[in-house]
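I have placed the structure first, in the form of structure tokens, so that the comments after it can refer back to it.
In what follows, chains are A, B, ... by sequence order, proteins preceding strands, each numbered from 1.
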Amino acid sequence: MISLKVQYSVAILKTVFHSLERSISRAVSNYLQTNYAVDVPVTTEQPKQSSFGEMALPVAFQLAKQLKKAPVMIAKELAAGLTGQIEGVAAFEVANGYLNVRFDRGWFAREILTGNGFETQEFSIRKTIVEHTNINPNKAAHIGHLRNAILGDTFVRMMKAMGTRVETQNYIDNTGVQVADVVAAFHFVEKKTAAEVAELAKQPRFDYLCWDLYSKVAQMEEVKGWRTETLHSIESGEGALSEMGHVVADAIVDCHLNTMLRLGIQYDVLPRESEILHLKFWANCFELLKEKQAIYFETEGKNKGCWVMPGSAFRENAGEEDSKVIVRSNGTVTYVGKDIAYQLWKFGLLGKDFYYRKLRTYPNGSVCYVSTATREGSERVQFGGGTSVYNVIDSRQSYLQDVVVAGLKALGYPNQADKSIHFSYEMVALTPRTCVELGIELSEEDKAKTTVEMSGRKGLGVKADDLIDQLIERAQVEVDSRHAEKSQESRTKVAEQIAVCSLRYFLLKFTRTSVIAFDLQEALSFEGETGPYVQYAAVRANNILRKVPNLPDFKSVLPEEVLRTVLETEDLWQLLLDVSRLESVLEAAVNSGEPAALARYAFQLAQGFSKFYHDYRVLDEADEARRNVLLWMTMHFAKQLEKTLNTLGIAVPEYM
RNA sequence: GCACCCGUAGCUCAGGUGGAUAGAGCAUUUGCCUUCUAAGCAAAGGGUCACAGGUUCGAGUCCUGUCGGGUGCACCA
């Protein structure tokens, strides 16, 4: 086993707060064992009010019945017995049956300052795979796709910050009906040749052109017949239509990668459906499914002539009618079948692999690979074979995801089935007001609704690049008016950073189960609970630090006593405490799979600092020791917030 | 019909494994720029946590039911 120890320059995890939390619950647990002979898990929580102390333990409530004593009594005994026993704890207090803990503020701050509480995180060789974005390569990306990509990308960043090895995949369905429809539009409606389409595909906004074309053709009567003919050609991999399919899909994928890169989103590998077909991934999977009797050949009823998975495999109380067709009566495989094969590959269970070639090198030097069908020109790189897999897919597809998981289980891979996680989220819909602003005509039915669902078919949606452009434009106005002295290039860079931040924060602040009612005016706001508000706090902190040419050596000028004295001031202490909670918050956010928790934490930090900034004039502080504490806190805050923002995929601008 | 998600302030949303007086932003009203940047800070009003039962020392949180809203339930992906 190879075990890599990686020391980050930015220290990670297991910080002072974290270890103090653990040592307290361990001490309480030990005390209970030796003095009461009881073994209960000791949980800690954050008190509702800061005046109760830094940490609260409701353990006395849990024990009241078992020990036949009033909670208050138990808590008092615990407090008496534990006082002076734990380093870093100044006092225990009892209130309403709670055992409240007061930290030794001087010790705590000093510990952070000297970095004593830090441990390095060990990298494991286990790999986690996250699949996200997965946009059909037939039109421009819209904000619904952005929610997927930003959610996935942020979750990847969060896991990486925790020391997890992550591989990011973006599945490309380049042989599906959606691509076929656009190809049909070019061929049958626009009467273009493959060469002509290739020429068109060179324009930067080819995805916009296809957006319009797709919504046009999708609503035409004749599309069904065209689609069948086109799909046939694409699947066989031969003929002009197939060639055109590749031209369209490749060009659109390129557009999507560009759009995502604007938001700092990158991929390690793009597995494509065309390779899944050509390399006959399905054939292997089909044999496995038959062998394990996960599917059976239906001889009667509506599914006669198909290979189906019984409904009982993925649904309770399922009847005959709940069976899911995996192979159609004409012998072709359905999406779910292909997805089971793909899922097997992700876990390294298929016994087949793609070939890969370099698709592009990102500005930061990392490379994005794409699957290819032949060995020639391919590179020796390894993808797939993960121990856990996250599929970032919206909640509307949960039924299909259940079928895929059932397939894994039926094939005898219950562990992998458990580790195949549908990272689901609710859709992004538009408010009727926003539709009106965008000049979208609404039906009477839609006007009455609170939200309107987007639809690529109808061309109804907010394009990602349009929104990013609007955000940049808006940020540019602000930046220009505030910093006329800076160069145009520099101002544009800042405006872009603000725009990206604004968008990412906007899509991250909602929890995954919440339907986002996208309101353009709200999304374009830079005030209140927005990304730019958070960035602004970081920039202000940096502004203070920048004005001190030589920062003192805090370790030597800030002994424990000085820190303790200054941190007697409640709001200063609270800010320090909040700032030191990052790792706990990050861990909880990863475990619950909720990036919103980290985003909101960033906002809370910014709020805390904004108040600090207003209440304390760091640079004007006359008392030198106090000034040093304030300076150190500013620096510590700036570092922690920047770390948080980077994990969210957000940069801190030089100025705002 | 069945399954999943949602219902908390006028609006948009937070409220880890049940815990102390239910929070934030927006909007409204009102203060604060000779100041480390006002993309900011402070204050006020605004709540039967959809409803009804249950579980227990304790329920916005867990269970059941009802009522609203959304989304799925193809030989489409």
* Minimum heavy-atom distance Val404(A)-Ile340(A), with the two atoms named ->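 Nearest heavy atoms, Val404(A) then Ile340(A): CA-CG1, 4.0 Å.
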[M] and [N], which share atom name [atom1], separated by this distance in whole Å:
{"N": "A74(B)", "M": "G10(B)", "atom1": "C1'", "answer": "43 Å"}
{"N": "G54(B)", "M": "G68(B)", "atom1": "P", "answer": "24 Å"}
{"N": "G23(B)", "M": "G15(B)", "atom1": "C1'", "answer": "7 Å"}
{"N": "C51(B)", "M": "A24(B)", "atom1": "C1'", "answer": "27 Å"}
{"N": "G31(B)", "M": "A20(B)", "atom1": "C1'", "answer": "33 Å"}
{"N": "A9(B)", "M": "G47(B)", "atom1": "P", "answer": "10 Å"}

Could you give the [atom1]-to-[atom2] distance, from [X] to [N], as a whole number of Å?
{"X": "Phe506(A)", "N": "A14(B)", "atom1": "CZ", "atom2": "P", "answer": "12 Å"}
{"X": "Glu478(A)", "N": "U37(B)", "atom1": "CD", "atom2": "C1'", "answer": "12 Å"}
{"X": "Gln604(A)", "N": "G15(B)", "atom1": "CD", "atom2": "P", "answer": "11 Å"}
{"X": "Glu426(A)", "N": "C5(B)", "atom1": "CD", "atom2": "P", "answer": "9 Å"}
{"X": "Glu45(A)", "N": "U61(B)", "atom1": "CD", "atom2": "C1'", "answer": "13 Å"}
{"X": "Ile516(A)", "N": "C5(B)", "atom1": "CD1", "atom2": "P", "answer": "18 Å"}
{"X": "His483(A)", "N": "A38(B)", "atom1": "NE2", "atom2": "P", "answer": "11 Å"}

In terms of side-chain heavy atoms of [X], which of [options] is nearest?
{"X": "Glu453(A)", "options": "A20(B), U71(B), A77(B)", "value": "U71(B)"}
{"X": "Ser329(A)", "options": "C75(B), A39(B), C73(B)", "value": "C75(B)"}
{"X": "Arg482(A)", "options": "A39(B), C5(B), G72(B)", "value": "A39(B)"}
{"X": "Tyr655(A)", "options": "C6(B), U37(B), C41(B)", "value": "U37(B)"}
{"X": "Ala517(A)", "options": "G70(B), U37(B), C13(B)", "value": "C13(B)"}
{"X": "Lys449(A)", "options": "G70(B), A74(B), C36(B)", "value": "G70(B)"}
{"X": "Phe510(A)", "options": "C36(B), A77(B), A14(B)", "value": "A14(B)"}

* To do: Mark yes or no for a side-chain to base donor-acceptor pair under 3.5 Å between Ser395(A) and C4(B), with no hydrogen or angle criteria applied.
  =>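 Such a pair does not exist between side chain and base.
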* When only distance counts, do a donor and an acceptor, one from the side chain of Asn100(A) and one from the base of A20(B), lie under 3.5 Å apart? ->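 For Asn100(A), whose side chain was compared with the base of A20(B), there is a donor-acceptor pair (under 3.5 Å).
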Can you list the residues that meet the salt bridge (Lys or Arg N to Asp or Glu O under 4.0 Å) rule with [X], with sequence neighbours excluded?
{"X": "Arg581(A)", "value": "Asp578(A)"}
{"X": "Lys338(A)", "value": "Glu273(A)"}
{"X": "Glu426(A)", "value": "none"}

Show the distances under 3.5 angstrom between N or O atoms of the protein and N or O atoms of nucleotides 42-45 of chain B.
none

* **Partner residues of His142(A) under the ring-ring contact (aromatic ring centres under 6.0 Å, His included) criterion, sequence neighbours left out** =>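 In terms of ring-ring contact (aromatic ring centres under 6.0 Å, His included), with neighbours along the sequence ignored, His142(A) is linked to His145(A).
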* Please name all residues satisfying ring-ring contact (aromatic ring centres under 6.0 Å, His included) with Phe612(A), sequence neighbours left out, ordered by chain then number. =>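 ring-ring contact (aromatic ring centres under 6.0 Å, His included) check on Phe612(A) returns Phe609(A), Tyr616(A).
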* With sequence neighbours excluded, residues passing side-chain contact (heavy atoms from CB on, under 4.5 Å) with Glu496(A) ->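 Partners of Glu496(A) by the side-chain contact (heavy atoms from CB on, under 4.5 Å) criterion, ordered by chain and then number, come out as Ile472(A), Thr492(A).
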* Please identify each residue that fulfils side-chain contact (heavy atoms from CB on, under 4.5 Å) with Glu21(A), with sequence neighbours left out. =>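 side-chain contact (heavy atoms from CB on, under 4.5 Å) check on Glu21(A) returns Phe17(A), Thr44(A), Met55(A), Ser584(A).
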Answer with base, sugar-phosphate or nothing: what part of the nucleic acid does [X] contact at a heavy-atom distance below 4.0 Å?
{"X": "Ile326(A)", "result": "nothing"}
{"X": "Ser610(A)", "result": "sugar-phosphate"}
{"X": "Glu522(A)", "result": "sugar-phosphate"}
{"X": "Thr44(A)", "result": "base"}
{"X": "Leu400(A)", "result": "base"}
{"X": "Phe526(A)", "result": "base"}
{"X": "Val177(A)", "result": "sugar-phosphate"}
{"X": "Val539(A)", "result": "base"}
{"X": "Ala56(A)", "result": "base"}

* Asked: Backbone N or O of Phe52(A) within a donor-acceptor pair of the Glu93(A) side chain at under 3.5 Å?
  ->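 Flag not set: sc Glu93(A) to bb Phe52(A) has no pair under 3.5 Å.
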* Give a yes/no answer on whether the side chain of Tyr601(A) brings an N or O atom under 4.0 Å of OP1 or OP2 in G16(B). =>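 For Tyr601(A), the contact criterion (side-chain N or O under 4.0 Å from OP1 or OP2 of G16(B)) is not met.
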* Asked: So does Arg540(A) get a side-chain nitrogen or oxygen closer than 4.0 Å to the phosphate oxygens (OP1/OP2) of A38(B)?
  ->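 Answer is yes, contact under 4.0 Å.
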* Would you sketch RNA chain B in dot-bracket for me? Only Watson-Crick or G-U wobble pairs with both distances under 3.5 Å count, crossing pairs as [ ], other-strand pairs as |, the rest as dots. => (((((((..((((.....[...)))).(((((.......))))).....(((((..]....))))))))))))....
* Quick one: side chain to side chain donor-acceptor pair (under 3.5 Å) partners of Ser274(A), sequence neighbours excluded? ->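 Ser274(A) satisfies side chain to side chain donor-acceptor pair (under 3.5 Å) with Asn174(A) once adjacent residues are dropped.
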* **Arg396(A) vs Tyr536(A), nearer the 5' end of RNA chain B by closest nucleotide** =>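 Of the two residues, Tyr536(A) wins.
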* With nearest nucleotides of RNA chain B determined for Glu21(A) and Asn96(A) from heavy-atom distances, which residue corresponds to the more 5′ nucleotide? ->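 Taking each residue's closest nucleotide, the earlier one in sequence belongs to Glu21(A).
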* Asked: When syn is taken as a glycosidic angle within 90 degrees of 0, is C11(B) syn or anti?
  ->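 For C11(B), whose glycosidic angle is more than 90° from 0, the conformation is anti.
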List every contact pair, protein side and nucleotides 21-26 of chain B side both N or O, where the distance is under 3.5 Å.
unit_1	atom_1	unit_2	atom_2	d
U21(B)	N3	Gln49(A)	NE2	3.1
U21(B)	O4	Gln49(A)	OE1	3.3
U21(B)	O4	Gln49(A)	NE2	2.9
A24(B)	O3'	Gln607(A)	NE2	3.2
G25(B)	OP1	Gln607(A)	NE2	3.4
G25(B)	O2'	Glu529(A)	N	3.2

* Let me know which of Leu645(A), Val585(A), Leu508(A), Thr154(A) forms a side-chain contact (heavy atoms from CB on, under 4.5 Å) with Leu598(A). =>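 Between Leu598(A) and the candidates, side-chain contact (heavy atoms from CB on, under 4.5 Å) is satisfied uniquely by Val585(A).
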* Can Lys486(A) be said to sit on top of Tyr655(A)'s aromatic six-ring, NZ or CZ under 6.0 Å from centre and within 45° of the ring axis? ->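 Ring-cation test returns yes.
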Between the protein and nucleotides 55-58 of chain B, list every N/O to N/O distance that falls short of 3.5 Å.
unit_1	atom_1	unit_2	atom_2	d
C57(B)	OP1	Lys65(A)	NZ	3.0

* Do Gln497(A) and Gln535(A) have side-chain atoms, one donor and one acceptor, less than 3.5 Å apart? ->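 The criterion, which ignores hydrogens and geometry beyond distance, is not satisfied for Gln535(A) and Gln497(A).
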